Amino acid sequence: MPKTFYITTPIYYANSLPHLGHLYTTIVADAIHRYKKQRGFDVYFLTGTDEHGVNIQRAAEKNDRTPKEQVDYISGELKRMFAEFGLGPENGGYDIFMRTTEPFHYEGSQHLWREIAKNKTPKGNETIYKGFYEGWFCAPCAEFKTEEQYYVPDGSKTPHCPIHERPLDKVAEESYFFRLSDYDDWLIETIEADPKLLRPEARRNEVLSFVRGGLQDLSISRQKSAVSWGVPVPDDEDHVMYVWLDALSNYITALGYGNDRGGSTGVQKYWPAVHFVGKDILRFHTVYWFSFLKAAGLELPKTVYAHGMWLDADGRKMGKTLGNVIEVDVLHQHFQVDAVRYFALREMVFGQDGKFGYETLIDRANADLASGLGNLASRTFSMISKYRDGLIPSGKIAEDNYIHARRAGMDPDGGEIVSVLKHARDEFIRRFDNFEFSQALETLWTVIARIDKMISDAKPWELVKDEKQSETLNAVLYRATETLRWLSVMLYAVMPGAAREIYRQIGLGDDIEKIDPASLKWGELQPGTPIGETSAIFPRIDKSKVMNDITKAEPLASASETTADTETAPNASVGAEPSADGSAPETRDNFITIDDFLKVELRVGEIKVAERVPKADKLLRFEVDLGEDQPRQILAGLAEYYDPEKLIGRKVVVVANLKPRKMRGLESQGMICAASLTEEDSPAIATFLEDVKIGARLK
RNA sequence: GGCGGCGUAGCUCAGCGGUAGAGCAAGGGUCUCAUAAACUCUGGGUCGGAAGUUCGAAUCUUCCCGCCGCAACCA
């Protein structure tokens, strides 16, 4: 029985089109899976889509599709992108494209629910209990109101709707809860006990400190009337499973947990997994997932590894508003897949964020791939053709010729090169096993430099003119070629296509994916092997031309992207759905009457004082003159976008009859109106072009 | 303001108690097998600032400044 290895990407949330984040995580997982296969593991590689939840429903509505059509569309697009980048099964990529709408997943996740419910928490309580998701409901609004959205009039105990000025009904949506609060001690102990469990270390500490801050029980269901698109809770038709329980369980249901999908796969065989996730969803994959697994009596993952995010070339977050997004279509159109893979793995350093720019990518590809690896292959093969009729010569130097070899600066028995390579190979394996891809690759590039130097020092073009140096020349060529063989075997996981091509050009077969780097032995390359047909493996990229093409095409690409408008959630990364907590049933229609509108008292105010609130990143404190006896103190989350001093004297629109509310210990007596398109978008404060009187009412 | 991290050559970073390093970029030289490639020489950087511990600090301590992450605070 071969050792098994199970690697997963997150299943990507099917409300947004594929992007660089999806591509990156999948490339990394693919590289690991190829590497582990070479190392002799029986590997199972999972990726896929998370297809339930209210955000999918909304995205579907927005695009005039049924939820099913929506998720079919997105998962289709993802598969298409993966195929383009050679990550699909047809290219030896993922083994399963998991979809949470598969019937077997329904069975499996429901089974998981039942198993969790059977057990007790580490503190001896019921794991799942039925509770109430209490809320105040305004029937006319058809909406739950949160604490910030209602007010309690004097002399009444019942909250009132600020829009309809009527008492709210206390409605409790029934919900199942997972007793997460009982898992804190266990989580801390478990995570601390195994340094491999949660990586890298900085992230591990973050999670630990989060858990130490205390955990709240987790609502793990929604009422079907509110969210219908999901896996039904077992034995309770009225409820649907909360997305994270549903989504996370995919990692085991895909292996046949709780369903009859099995055959070659199986929980016993492949579980536990190594999960590769973006750092933004780390908490779900640790705090929640670990607890669910523990509750169900299952083993925890071997490792949850949180990788960094890609920033743009200047180190800023990528976003539509900034227009600095790397488009996967552009990558595919202008770059070799292997160059993209190399860049992704070389440029993102272990656990840190990376910068991704087309220019940086070109520089890397030209320096490392074209001038480095590609050129080494090219000069080596060219000399073999020219000097040795295309046959790989023997690397052996007879002792009588040692003196000549030494004169040419060559180590006669080649021991030095061999030890350099062995060392590099061990280092490569150590780094790769540790997911330190960047350093692993760096190690190999020192080898390339070393061999380039060997060639330059030995000067084959002079050796060829001297009969006595025939063996020295042979040795140079043999060592260079043998090094290329080693390199290509090690690089296969990172650049499958290019590695295979180098291998072929050396004149070897195409079983490279089966060769274990650890088993490489110097000298296995047979002298006399005719090299294959050669051509440039990494053609040099014309930087100015390609950059030109990209920048020309760019505005078009981003324009069509925005009109396509498939995205709803602004979540940059993978598999992330914001907590469904407290989100309310949708309103029937969007019209309000003039009376409704007039209930909102909008007044013109002049900002007298504006300053940052200490201890708060986003909060500004204003004193606004509304023409009343006292200026109002108003707090607003604008600190990230406005310089307080510049706002003083500005006339703004204030919601004057908003229920006062305390924030950061300060009472906010109103609200300053500002416009923004999305959460991410920077807001613009509403102002007047004409001179208006302070206190004037807007209607 | 809480917790954590970072600040070292133009850029990316390594070094983490004993006289400042690597890669890339730039400039000079050599060479021609090669994808204008490779090889080679060239970096005089207050190691963010200040104070302290020490025979000795980029390396330990404290304070300050500036970034970033997590959490909290906005709609």
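Below, read A as the first sequence line, B as the second, and so on, with proteins coming before strands; counting in each chain starts at 1. Any value given below was found using the heavy atoms of this structure, including those in side chains, with hydrogens, waters and symmetry copies removed. What you see is a predicted model; the values in this text were computed from it and never measured.
- Put simply, CZ on A:Arg283 is 7 Å from P on B:rA72, counting in whole angstrom units.
- Taking atom P in both B:rC47 and B:rC39, the straight-line distance is 32 Å, to the nearest Å.
- Side-chain proximity of A:Ser378 to B:rU32, B:rC33, B:rU35: nearest is B:rU35.
- Following rounding to the nearest Å, A:Asn205 (CG) and B:rG2 (P) show an atom-to-atom distance of 19 Å.
- Between the C1' atoms of B:rC68 and B:rU42, the separation comes to 35 Å (whole Å).
- Of the candidate nucleotides B:rU35, B:rC39, B:rC33, B:rC33 has the atom lying nearest to any side-chain atom of A:Met383.
- B:rC63 and B:rG49 make up a base pair, with Watson-Crick or G-U wobble contacts both under 3.5 Å.
- Each of A:Lys355 and A:Ser209 lies near RNA chain B, and the nucleotide nearest A:Ser209 is the one positioned closer to the 5' end.
- Between the C1' atom of B:rG4 and the CG atom of A:Leu208 lies a distance of 12 Å, rounded to the nearest Å.
- For the pair A:Gln469 CD and B:rC33 C1', the computed distance is 16 Å after rounding to whole Å.
- Rounded to a whole angstrom, the distance from the C1' atom of B:rG44 to that of B:rA9 is 10 Å.
- Not a single donor-acceptor pair under 3.5 Å links the side chain of A:Thr443 to the backbone N or O of A:Phe428.
- For B:rG17, there is no paired base (Watson-Crick or G-U wobble, both distances below 3.5 Å).
- Along RNA chain B, the nucleotide nearest to A:Glu206 and the one nearest to A:Thr380 differ in position, and the one closer to the 5' end is contacted by A:Thr380.
- With rounding to whole Å, A:Ile634 atom CD1 is found 17 Å from B:rC73 atom C1'.
- Among the heavy atoms of the strands, none lies under 4.0 Å from A:Ala202.
- Atom CD in A:Glu436 sits about 14 Å away from atom C1' in B:rC13, given to the nearest Å.
- Using a 4.0 Å heavy-atom cutoff across all strands shown, A:Tyr387 reaches sugar-phosphate atoms only and no base atom.
- If you look at A:Phe343 and A:Phe356, their ring centroids are closer than 6.0 Å.
- Side chain of A:Asp353 to backbone of A:Trp310: no donor-acceptor contact under 3.5 angstrom is found.
- B:rU61 sits 38 Å from B:rA25 when the C1' atoms are compared, rounded to a whole Å.
- Between A:Phe284 and A:Trp244, the distance from one ring center to the other falls under 6.0 angstrom.
- Closest to the side chain of A:Arg203, out of B:rA71, B:rU35, B:rG69, is B:rG69.
- Candidate nucleotides B:rA71, B:rU35, B:rC39 were compared by shortest atom distance to the side chain of A:Asp457, and B:rC39 ranks first.
- Comparing the C1' positions of B:rG5 and B:rG48 gives an interatomic distance of 15 Å, to the nearest angstrom.
- With no hydrogens or angles considered, a side-chain donor-acceptor pair links A:Asn434 and A:Glu436 at under 3.5 Å.
- For the C1' atoms, the distance linking B:rA20 with B:rG43 amounts to 12 Å, nearest Å.
- A ring-centre distance under 6.0 Å is not found for A:Phe290 and A:His285.
- Residues A:Tyr183 and A:Trp289 place their aromatic rings such that the two centres sit no closer than 6.0 Å.
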Working for salt bridge (charged side-chain N to carboxylate O under 4.0 Å, His left out), residues A:Arg430 and A:Glu427: CA-CA 5 Å; A:Arg430 193 178 69 77; A:Glu427 183 71 359; 3.2 Å; yes
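- Which of B:rA38, B:rU35, B:rC24 sits closest to the side chain of A:Ile537 comes down to B:rU35.
- Phosphate contact (OP1/OP2 of B:rU40, side-chain N/O of A:Lys453, threshold under 4.0 Å): present.
- Base pairing annotation: B:rC70 forms a Watson-Crick or G-U wobble pair with B:rG2, both donor-acceptor distances under 3.5 Å.
- With a 3.5 Å ceiling on both atom-pair distances, B:rA57 lacks any Watson-Crick or G-U wobble partner.
- Relative to the side chain of A:Arg379, the nucleotides B:rG69, B:rA38, B:rC13 differ in distance, and B:rA38 lies closest.
- Here the side chain of A:Ile455 is nearest to one of B:rG69, B:rU35, B:rC33, namely B:rC33.
- Rounded to whole Å, the C1' atom of B:rU62 lies 15 Å from the corresponding atom of B:rA57.
- Atom CE in A:Met671 sits about 7 Å away from atom P in B:rA75, given to the nearest Å.
- A:Ala449 comes within 4.0 angstrom of the backbone, heavy atoms only, and of no base.
- The listed nucleotides are B:rG69, B:rC31, B:rA71; the one nearest the side chain of A:Trp461 is B:rC31.
- Here the side chain of A:Glu462 is nearest to one of B:rU35, B:rC39, B:rU32, namely B:rU32.
- The CD-P distance, from A:Glu359 to B:rC11, rounds to 16 Å in whole Å.
- Across every strand in view, B:rA22 sits in a pair with B:rU12 that passes the Watson-Crick or G-U test at under 3.5 angstrom.
- Here the nucleotide nearest the side chain of A:Asp452, chosen from B:rA38, B:rC24, B:rC33, is B:rA38.
- Atom P of B:rC55 sits at a distance of 24 Å from the matching atom of B:rG49, rounded to the whole Å.
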